[in-house]
Amino acid sequence: MSRNFGFTVDLTGVETGILDYVKDTIEEKLTDTFVDLTGPPPEGTPVDTRTASNGWQMDLADPMAPALVNHIPYINRLDDGSSSQSPAGFVGRAIDKNWR
């Protein structure tokens with residue numbers, strides 16, 4: 001089961017200049033979150049074979065709904081604290097750090 005840590009932002013009706021600024025800002029924050037999650041523990045994803053940390057993908061196909069996803073089946077368990085390398089909730093902390 002994959003877990004989507006993406007964000008959906010409805011930008012319908014926003015003026016072009018503002019829309020471009022918002023899109024750029026969202027992409028920058030998503031990139032920063034991606035960098036944190038693919039970095040070393042304890043802030044990043046726990047590392048054994050690097051499968052989980054390499055599983056992070058930025059989905060920018062729909063600029064109105066950018067997403068950060070990880071399709072590795074055990075990513076939820078890792079985020080729940082199954083590894084001693086990264087404490088539970090490392091995904092939420094990366095999101096909070098970059099989106100607040």
Side-chain angles (χ1 to χ4, degrees):
M1 181 172 133
S2 66
R3 188 169 185 179
N4 185 335
F5 295 99
F7 301 88
T8 302
V9 181
D10 183 4
L11 300 175
T12 308
V14 177
E15 302 232 3
T16 303
I18 295 171
L19 183 60
D20 289 341
Y21 172 77
V22 170
K23 284 182 191 176
D24 290 345
T25 301
I26 289 171
E27 187 171 336
E28 180 181 313
K29 288 179 175 289
L30 199 62
T31 300
D32 291 345
T33 305
F34 176 85
V35 167
D36 285 347
L37 288 171
T38 56
E43 291 81 22
T45 305
V47 177
D48 183 12
T49 63
R50 295 210 65 83
T51 301
S53 60
N54 289 338
W56 290 108
Q57 301 170 17
M58 287 194 306
D59 181 357
L60 302 173
D62 180 353
M64 298 302 211
L68 186 59
V69 297
N70 191 321
H71 298 290
I72 302 304
Y74 52 88
I75 193 66
N76 293 338
R77 287 190 306 251
L78 290 174
D79 192 48
D80 288 341
S82 68
S83 171
S84 61
Q85 293 182 10
S86 296
F90 66 90
V91 174
R93 279 191 300 284
I95 292 169
D96 287 346
K97 174 185 171 189
N98 292 292
W99 291 84
R100 288 194 184 242

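These numbers were taken from a predicted model, which means no experiment stands behind them. Here, residue 1 is the first one in the sequence, and each next residue gets the next number.
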> When you measure from the side chain of T45 to the backbone N and O of T38, does any donor-acceptor pair fall under 3.5 Å?
Replying inline: no

> How close do S83 and P46 get, heavy atom to heavy atom, and via which atoms?
Replying inline: OG-CB, 3.4 Å

>> Just verifying a value: how many Å separate D80 CG and I75 CD1, rounded to the nearest 0.5 Å?
In response: 10.0 Å

> Does any non-hydrogen side-chain atom of H71 lie less than 4.5 Å from one of Q57?
Replying inline: yes

> Going by the side-chain hydrogen bond (donor to acceptor under 3.5 Å, both in side chains) test, which pairs reach into residues 84-93, not counting sequence neighbours?
Replying inline: none

> If you group Ile, Leu, Val, Met, Phe, Trp and Tyr by side-chain heavy-atom gaps below 4.5 Å, do V22 and M58 land in one group?
Replying inline: yes

> Of the non-hydrogen atoms in W99 and T33, which two are nearest, and what is the gap between them?
Replying inline: NE1-OG1, 3.1 Å

> Counting distance only, does the side-chain N/O of N54 pair as donor-acceptor with the main-chain N or O of R50 below 3.5 Å?
Replying inline: yes

>> Quick check for you: to the nearest 0.5 Å, what is the distance between F90 atom CZ and D36 atom CG?
In response: 12.0 Å

> With the 4.5 Å side-chain cut-off for hydrophobic clustering, are Y74 and V47 part of the same group?
Replying inline: no

> So which heavy atom on F34 is nearest to which on W56, and how close?
Replying inline: CE1-O, 3.2 Å

> Which residues satisfy the side-chain contact (heavy atoms from CB on, under 4.5 Å) test with D32, sequence neighbours excluded?
Replying inline: E28, N98

> What distance do K97 atom NZ and I95 atom CD1 have between them, rounded to the nearest 0.5 Å?
Replying inline: 13.0 Å

> In Å, rounded to the nearest 0.5 Å, how long is the span from CG of L68 to NZ of K29?
Replying inline: 14.0 Å

>> To check you understand the geometry: which heavy-atom pair defines the closest contact between A67 and L30, and what is its length?
In response: O-CD2, 3.8 Å

>> Would you say CG of D62 has more than 12 non-hydrogen atoms from neighbouring residues, nucleotides or ligands within 6.0 angstrom?
In response: yes

>> Between N70 (side chain only) and A52 (backbone N and O only), is there a donor and an acceptor less than 3.5 Å apart?
In response: yes

